[in-house]
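Down below is the structure, laid out as structure tokens.
Numbered from 1 within each chain, the chains take letters A, B, ... in sequence-line order.
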Protein chains: 2
Amino acid sequence: MTSDVMTIREMCDAFDVTPRTLRFYESKELLFPIRDGTRRLFTRRDRARLKLILRGKRFGFSLEEIRQLLDLYDRDGSQELQLERTYQVARQRLEQMERQRAELDEAIAELKDQLAWGEEALAAFRRAAAE
Amino acid sequence: MTSDVMTIREMCDAFDVTPRTLRFYESKELLFPIRDGTRRLFTRRDRARLKLILRGKRFGFSLEEIRQLLDLYDRDGSQELQLERTYQVARQRLEQMERQRAELDEAIAELKDQLAWGEEALAAFRRAAAE
DNA sequence: AGAGGAGTTGACGTTGACGTAAACGTGACG
DNA sequence: CGTCACGTTTACGTCAACGTCAACTCCTCT
């Protein structure tokens, strides 16, 4: 099963990222492709991680935050202390996220108010123009 | 009414920003304080603009976007077109924010799942340790 | 053998929104 | 008169997440 690993090009096509991005992620220890000589070969584990990375980015998380989350998903640590530690990290992240959501909700509500005001102002213009 | 203008310090206190920020905004042509010699004096117009700037930032607009919106308001004459334009931009932002919130909610749910998993695993450890 | 294409490693550039430091001016107070 | 506190300008630093070269190496096809 050679298709168990993918070249950098195949990865780029599959995930719509650039080679630079994949090398960058590797340098940040988000991905761990194996080497065929100097060339990178991405395993199915790398693909799973990249999928999570890209999703995390869409959520607006930093790569460093994502790296921490990946360590949770990656919970290979069969050790209780390690699990406990990553669990705490994840809980903190959840709190952050819920604060973010609260702020976002507030901003959305405010913006909606503004839109209502704008709508009213536009309606006034149109009434004035109708005379 | 000397309170018609404010010093940089008064502005910082009133709006909870740093002097650097106000100077930066001036350099970006978002604010136009008048000068008393070399010192800046912020008018009520500056205060109105700053209020809008900070609100815009909470909504996630870039300073450049904010500048353009402010400039639209500034051009003299009938403001209906400008208002219409601003309204459209704001509506697009709102859509972006609501999509962002939906994704954030999804991520929160997923992370909660992971946490439940971790909790269960920890509980298993503790049961094993209780023997 | 030569050309082409994909891959590699540095290293520097970019954008946004400021922070920080240096070096100096100025007015009020004791 | 000294010395603060506060102000100024200029300019360089920062952080994230890559983009954009340059200067190779290696494989493949003809």
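- Not one side-chain nitrogen or oxygen of B:K28 sits closer than 4.0 Å to the OP1 or OP2 atom of C:dT15.
- If you measure from atom CZ of B:F61 to atom C1' of C:dG16, you get 17 Å, rounded to the nearest angstrom.
- Considering only side-chain N and O atoms, B:T21 lies under 4.0 angstrom from the phosphate OP1 or OP2 of C:dG19.
- An OP1 or OP2 oxygen of D:dA17 is reached within less than 4.0 angstrom by no side-chain nitrogen or oxygen of A:Y25.
- The nearest whole Å value for the distance from the CD1 atom in A:I53 to the P atom in D:dA17 is 11 Å.
- Residue B:T18 places no side-chain N or O under 4.0 Å from the OP1 or OP2 atom of C:dC18.
- Between A:R39 and B:E10, the residue anchored closer to the 5' end of DNA chain D is B:E10, taking for each the nucleotide with the nearest heavy atom.
- Between A:R40 and C:dT9 there is a side-chain polar atom (N or O) within less than 4.0 angstrom of OP1 or OP2.
- Remark: P of C:dC18 and CG of B:L31 are 12 Å apart, rounded to the nearest angstrom.
- Listed pair B:R35 / D:dT9 meets the phosphate criterion, a side-chain N or O lying under 4.0 Å from OP1 or OP2.
- The shortest distance between side-chain heavy atoms of A:Y25 and A:R49 does not fall below 4.5 Å.
- Put simply, CD1 on A:I66 is 7 Å from P on D:dA17, counting in whole angstrom units.
- Between A:F24 atom CZ and C:dT8 atom P there is a gap of 17 Å when expressed in whole angstrom units.
- Ionic pairing of A:K112 and A:E119 is not present here: no N-O contact between side-chain nitrogen and carboxylate oxygen is shorter than 4.0 angstrom.
- Side-chain contact between A:Y87 and B:L115 is present, with at least one heavy-atom pair separated by less than 4.5 Å.
- For A:T7, counting side-chain heavy atoms from C-beta on, the closest listed nucleotide (D:dT8, D:dA17, C:dG7) is C:dG7.
- Taking only side-chain atoms of A:R9, from C-beta outward, the nucleotide of D:dG19, C:dA6, C:dT8 with the closest atom is C:dA6.
- One atom, CD1 of B:I8, and another, C1' of C:dG27, lie 17 Å apart when rounded to the nearest Å.
- For the pair A:L50 CG and D:dA17 P, the interatomic distance rounds to 15 Å; values are reported in whole Å.
- Residue A:K57 has a polar side-chain atom (N or O) positioned under 4.0 Å from OP1 or OP2 of D:dC18.
- No side-chain N or O of A:Q114 forms a donor-acceptor pair with one of A:E110 less than 3.5 Å apart.
- As rounded to whole Å, 14 Å separates atom P of C:dG7 from atom CD of A:E26.
- In this structure a side-chain-to-backbone donor-acceptor pair under 3.5 Å is present from B:D46 to B:T43.
- Within 3.5 Å, a donor on the side chain of B:R20 pairs with an acceptor on the base of C:dT20, or the reverse.
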